[in-house]
Amino acid sequence: MQLDKFFDFLKDEKNLYSQWEQSNCFKPQKGGEPYSIMMPPPNVTGSLHMGHALTFTIQDILIRYHRMKGMEVLWQAGTDHAGIATQMVVERKLNESNLDRRSLGREKFIEKVWEWKKESGGQISNQLRRLGASTDWSRERFTMDEGLSNAVKKVFVNLFNDGIIYKDKRLVNWDPKLLTAISDLEVEQRDTEGSLWHIEYPIDEKNHIIIATTRPETMLGDTAVAVHPDDEKYKNLIGKFCNLPISNKKIPIIADEYADPEKGSGAVKITPAHDFNDFEVGKRHDLEFINIFDENAKLNSNVPEEFQNLDRFEARKLILKKLDEMNLLIKEEKQQMVIPYGDRSGVVIEPWLTDQWFCDAKKLSVDPILAVKDNSSKFIPKQWENTFYNWMENIQPWCISRQLWWGHQIPAWYGPDNKYFVSETLEEAQNQAKEFYGKDVELRQDEDVLDTWFSSALWTFSTLDWPNKTYELDKFYPGNVLVTGFDIIFFWVARMMMMGSYFMKETPFKDIYIHPLIRDEKGQKMSKSKGNIIDPLELLDKYGADTLRFTLTALLNPGRDVKLSEARVKGYKSFTNKIWNAGKFLQLNNSIFIDDISIDSIIFDANKWIIKELNDLNTQLDQLTKKYLFHEIANKIYHFVWHTYCDWYIEIIKQNFENEKFAYEIKKVSGWTFIQVLKIIHPIMPFISEKLWRSL
RNA sequence: GGGUGUUUAGCUCAGUUGGUAGAGCAUCUCGUUUACACCGAGAGGGUCGGGAGUUCAAGUCUCUCAACACCCACCA
């Protein structure tokens with residue numbers, strides 16, 4: 001077929017992809033050694049962004065490369081239900097039509113979410129197709145599919161029975177806007193200019209103690225003042241009582257090493273129900289825990305009436321005003337401090353005393369740490385192992401319950417006296433309850449759902465239909481490599497390793513390739529508010545998938561963020577064009593595009609030379625692929641194709657097409673070598689290579 | 001407070017075990033009667049962030065300082 005003047009990528013990409021998909025060539029072809037990658041599931045309602053384009057390009061390169069080597073390859077695709085994010089989107093939509101989820105009720109709301117999922121859920125998969133991602137779509141999974149939901153229940157019940165999941169009343173990070181607990185990882189610490197107020201707590205007519213605080217409003221929940229046991233300044237006050245202003249309560253002055261004589265006034269107010277450190281102090285000294293906030297972080301009925309129902313920041317102002325009037329406000333110091341914000345809601349997080357489900361991550365962390373130490377799982381680049389150890393070795397209990405509606409509802413059922421029964425099904429819970437109470441009782445399921453990352457933690461085996469013993473589970477677990485960005489090492493990578501080690505007795509992937517993030521041309525993070533987002537779909541329309549993929553690959557050097565600008569993509573467009581034109585030229589000169597050639601009988605020097613160069617390149621590429629050095633792969637290919645193959649080889653044979661002695665050999669070797677070039681570029685540039693291969 | 005990364009040509013970045021500084025883009029010069037101006041040939045351009053050390057030899061190893069970026073921890 002005569003090649004057109006230009007590669008019509010928009011038309012050909014579409015045709016080629018649907019042909020690939022229809023011919024089932026993305027399904028594992030039985031026979032070879034297994035090679036598998038579990039695709040990090042994007043949010044089901046999401047849209048392809050530049051980070052996706054990068055990570056999925058890398059994965060597709062690896063997948064296509066190993067598929068071409070004849071391995072049995074699985075790229076497991078799917079999407080994540082993304083609890084909070086999705087629920088927020090749907091709630092926002094409801095608000096637009098003046099509805100809210102509470103008036104709708106849980107069941108109706110969840111229906112709405114499923115509707116929304118149905119409406120927008122296919123979008124990201126189709127965008128992945130445009131990128132050329134060769135995943136086996138017939139195996140696509142969603143974290144809330146029946147099978148995966150059953151896996152979630154089974155894991156929960158097993159971990160509960162093993163004492164790793166438990167329910168506890170303790171301080172959690174409470175998001176007063178989303179009205180749910182969130183995990184430590186979902187809290188973002190922001191530097192803020194704040195104040196440290198010095199406040200006088202009277203002891204008797206003459207004496208007082210001055211405490212310093214950044215949160216005066218919480219003094220309504222104070223149950224002690226702490227000083228350091230060795231602090232000479234306050235030694236004689238230990239054991240005495242002071243008067244808590246406004247509340248007018250006697251609270252003890254206690255000795256605790258938490259009080260730092262160097263900070264503030266050296267004496268610190270203790271609010272055990274609203275501060276993580278104070279909570280520990282409260283437990284050590286058996287103090288009273290007074291909860292002064294409701295779920296909206298407004299003051300509740302445990303405070304004097306004039307403060308009730310005030311927002312926490314309003315309360316702060318009023319407290320300060322009152323203290324000032326009482327001449328108890330000594331001074332205000334401005335200082336830099338760090339305030340916790342919810343990463344989704346953007347409001348200040350409140351430590352709040354609630355009942356939540358926790359997972360003992362410490363116990364689960366032991367095996368993954370060992371796996372990395374003995375190299376059964378390797379981070380690439382290696383420096384991430386330190387980050388991993390650092391976090392894993394200091395890991396805190398993981399709060400896994402969320403006060404949301406969209407997600408996996410916790411498989412625990414409560415009897416009339418709040419005794420709970422954990423089991424995979426209601427029937428089983430009823431049996432347990434019957435045994436416990438001696439009669440049938442009505443049970444109600446825990447209303448909370450699990451953290452989104454709980455189900456994603458099971459992704460590597462739940463998608464292979466665990467707990468069923470399937471061919472795929474046996475063949476493809478553990479995966480060869482996990483490809484992801486460093487931003488979800490803790491959220492996701494570490495947790496997959498925990499769950500994988502526990503339930504599969506083996507970490508879920510051998511290599512963990514951590515790629516950098518994509519930034520704009522100035523090195524700034526892309527964000528809506530900065531308006532510097534580069535839309536991959538736009539680039540796909542303008543330059544084609546091959547060019548975008550090659551650009552990303554070429555810019556991808558380890559240890560440095562990718563600075564992307566349209567100019568770079570534009571630059572690599574000419575490379576795509578160069579390949580096309582080389583094909584056109586050889587076609588014009590009647591090269592013979594054969595897939596097989598006998599190398600031994602070749603006599604023309606340039607032919608001998610290019611074959612050797614080609615072999616050398618292949619050897620190098622094999623090694624570089626093992627090391628995940630994608631930028632070097634791209635640059636080697638670029639240099640070979642452009643300068644070695646086109647500038648030298650083609651220029652030489654140009655002069656010899658008429659040479660009787662060599663002409664036939666040149667036609668054969670040039671055709672054959674070009675086919676080899678197409679094979680080399682195919683993992684990175686699947687469309688143009690396939691198009692040329694079919695046309696020539 | 002703990003940790004990580006980066007600093008090399010105008011720009012974006014390579015530089016494996018220490019052995020004469022590289023690429024792409026940009027700039028300049030010349031060229032194009034058989035692919036491609038999304039082309040070819042060539043040229044200019046760097047005291048490799050500062051300082052010290054090890055060595056016959058340091059962009060590369062050690063120490064130190066600085067700037068920038070990021071991660072973790074801490075609401076007195």
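Numbered from 1 within each chain, the chains take letters A, B, ... in sequence-line order.
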Regarding [X], tell me which of base, sugar-phosphate or nothing describes its non-hydrogen contacts under 4.0 Å with the strands shown.
X      : value
A:K563 : sugar-phosphate
A:N277 : sugar-phosphate
A:D647 : sugar-phosphate
A:A554 : nothing
A:F6   : base
A:Q396 : nothing
A:I349 : base
A:H274 : nothing
A:E521 : nothing
A:F674 : nothing
A:I211 : nothing

Exercise for the section: Indicate, yes or no, whether a donor-acceptor pair under 3.5 Å links the base of B:C38 to the side chain of A:K578. Expected result: no
Exercise for the section: Can you check whether any acceptor in the base of B:A69 is under 3.5 Å from a donor in the side chain of A:Q524, or vice versa? Expected result: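 No pair found.
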Problem - Near-ring test A:F9/A:Y543, centroid separation under 6.0 angstrom - result: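 Centroid separation for A:Y543 and A:F9: 6.0 Å or greater.
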Exercise for the section: Give a yes or no on whether the ring-centroid distance for A:F486 and A:W384 is below 6.0 angstrom. Expected result: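 So the answer is yes for these two rings.
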Fill in the blank from the handout: Looking only at B:G24, B:C71, B:C38, the nucleotide nearest the A:S574 side chain is B:C38
Problem - Out of B:C38, B:C70, B:G40, whichever nucleotide has its closest atom nearest the side chain of A:F486 - result: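 Closest nucleotide among those given: B:C70.
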Handout entry: Any A:Y628 side-chain heavy atom under 4.5 Å of A:I58 side chain
Key =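 Not touching, per the 4.5 Å side-chain cut-off.
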Problem - Note, A:N656 side chain near A:F604 side chain (heavy atom, < 4.5 Å) - result: yes
Distance below 4.0 Å between [X] side-chain N/O and [N] OP1 or OP2:
X      : N     : value
A:H631 : B:G24 : no
A:W642 : B:G40 : yes
A:K584 : B:C36 : no

Handout entry: Full working for ring pair (Phe, Tyr, Trp, His ring centres under 6.0 Å) between A:F575 and A:Y638
Key = CA-CA 8 Å; A:F575 181 58; A:Y638 183 95; 4.8 Å; yes
Between [N] and [M], how far is it from one [atom1] atom to the other, in whole Å?
N     : M     : atom1 : value
B:G50 : B:A9  : P     : 11 Å
B:G46 : B:U34 : C1'   : 42 Å
B:G15 : B:G3  : P     : 26 Å

Handout entry: Sugar-phosphate or base contact per nucleotide [nucleotides 1-11 of chain B; S, B, -; heavy atom under 4.0 Å]
Key = ----SSS----
Practice task
Walk me through it: do A:D4 and A:W580 pass the test side chain to side chain donor-acceptor pair (under 3.5 Å)?
Solution key: CA-CA 9 Å; A:D4 296 336; A:W580 184 258; over 6 Å; no
Practice task
Would you sketch RNA chain B in dot-bracket for me? Only Watson-Crick or G-U wobble pairs with both distances under 3.5 Å count, crossing pairs as [ ], other-strand pairs as |, the rest as dots.
Solution key: (((((((..((((.....[..)))).((((((....).))))).....(((((..]....))))))))))))....
Practice task
Scan residues 552-563 of chain A for pairs that pass salt bridge (Lys or Arg N to Asp or Glu O under 4.0 Å), counting only residues two or more places apart or in two chains.
Solution key: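 Of all non-adjacent pairs touching residues 552-563 of chain A, those that pass salt bridge (Lys or Arg N to Asp or Glu O under 4.0 Å) are A:R519-A:D561.
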Exercise for the section: Hey, can you tell me if A:F388 and A:F379 have their rings parallel, tilted or perpendicular (30° and 60° cut-offs)? Expected result: tilted
Handout entry: Distance-only side-chain donor-acceptor flag, A:N581 / A:K578, under 3.5 Å
Key = no
Handout entry: Side-chain H-bond candidate by donor/acceptor type, A:S345 with A:D175, under 3.5 Å
Key =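 Short answer, yes.
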